[in-house]
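Every value quoted in this text rests on a predicted model; they were computed, and no experiment measured them. Sequential numbering from 1 along the given sequence is applied to the chain's residues.
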Amino acid sequence: EVQLVQSGGGLVQAGGSLRLSCAASGFIFDDYAIGWFRQTPGKEREGVSCISSTDGTTYYADSVKGRFTIASDSAKSTVYLQMNSLKPEDTAVYYCAAADVGLLGNDFSDYDLYEYWGQGTQVTVSS
């Protein structure tokens, strides 16, 4: 059974930090890229970051560059999203997702490419 189990998130003041985790099982981790998306009510799901488990290539949305860092631990089949200098506009439900590296190309933010999704976790940044 394929699973992406998320942990982390919560409530933090602006300028603070949070770390999200995404533990994968049921598929060959090294053949996939793991992405993070976020969504707020009434808006489309937005690609935040992605890492290729094959070669470690990382991608970031312009809105989070320099503040968020994605990392992968292949031994644990887990991807982390370290979020620093958080802003109220980062408030959203965050999802991790897995996409076949061969299908991903350079547009990590195309959520239709992702096969498996985590359950989502709320991140709230207060001003």
Q | Evaluation steps, side chain to side chain contact (heavy atoms under 4.5 Å, CB included), between Val101 and Leu104 | A | CA-CA 5 Å; Val101 169; Leu104 198 59; 5.7 Å; no
**Q.** Residues Arg45, Trp117; criterion side chain to side chain contact (heavy atoms under 4.5 Å, CB included); working and verdict
**A.** CA-CA 12 Å; Arg45 201 164 288 193; Trp117 289 83; 3.3 Å; yes
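Looking at Tyr114, its side chain does come within 3.5 Å of a backbone N or O of Phe108 through a donor-acceptor pair. A distance-only check finds a donor-acceptor pair linking the side chain of Thr78 to the backbone of Lys76 [under 3.5 Å]. A donor-acceptor pair under 3.5 Å links the side-chain atoms of Tyr60 to the main chain of Ile70, judged by distance alone. The backbone N or O of Asp30 sits less than 3.5 Å from a side-chain atom of Thr54, completing a donor-acceptor pair. Gln6 contributes no side-chain N or O that, together with a main-chain N or O of Leu20, makes up a donor-acceptor pair within less than 3.5 Å. Checked by atom type and distance alone, the side chain of Arg19 never pairs as donor or acceptor with a backbone atom of Gln82 at under 3.5 Å. The closest donor-acceptor contact from the side chain of Asp90 to the backbone of Lys87 lies under 3.5 Å. At distances below 3.5 Å, not a single donor-acceptor pair connects side-chain atoms of Ser49 with backbone N or O atoms of Trp36. For Ser127 (side chain) and Pro88 (main-chain N/O), no donor-acceptor pair under 3.5 Å exists by modelled atom type.
Under the 4.5 Å side-chain criterion, counting only non-hydrogen atoms from C-beta, Tyr94 is not in contact with Gln122. A heavy-atom distance below 4.5 Å is not found between the side chains of Glu46 and Val64. No side-chain heavy atom of Met83 sits under 4.5 Å from any side-chain heavy atom of Val12. Residues Cys96 and Val79 form no side-chain contact, since every pair of their non-hydrogen atoms from C-beta on lies 4.5 Å or further apart. When side chains are defined from C-beta on, Phe68 counts as touching Leu86, because their heavy atoms get closer than 4.5 Å. Put simply, the side chain of Val123 reaches to within 4.5 Å of the side chain of Leu18, judged on heavy atoms.
Between Ile34 and Ala98, the shortest heavy-atom distance links the atoms CD1-CB, 3.7 Å.
A donor-acceptor contact under 3.5 angstrom links the side chains of Asn84 and Ser17, judged on distance only. A donor atom on one side chain and an acceptor atom on the other are not found under 3.5 Å apart for Gln119 and Thr121.
Here the CG atom belonging to Asp31 is positioned 7.0 Å from the CG atom belonging to Asp100, to the nearest 0.5 angstrom.
The ring-ring contact (aromatic ring centres under 6.0 Å, His included) with Tyr116 is formed by just one residue from the set Tyr111, Phe29, Phe27; it is Phe27.
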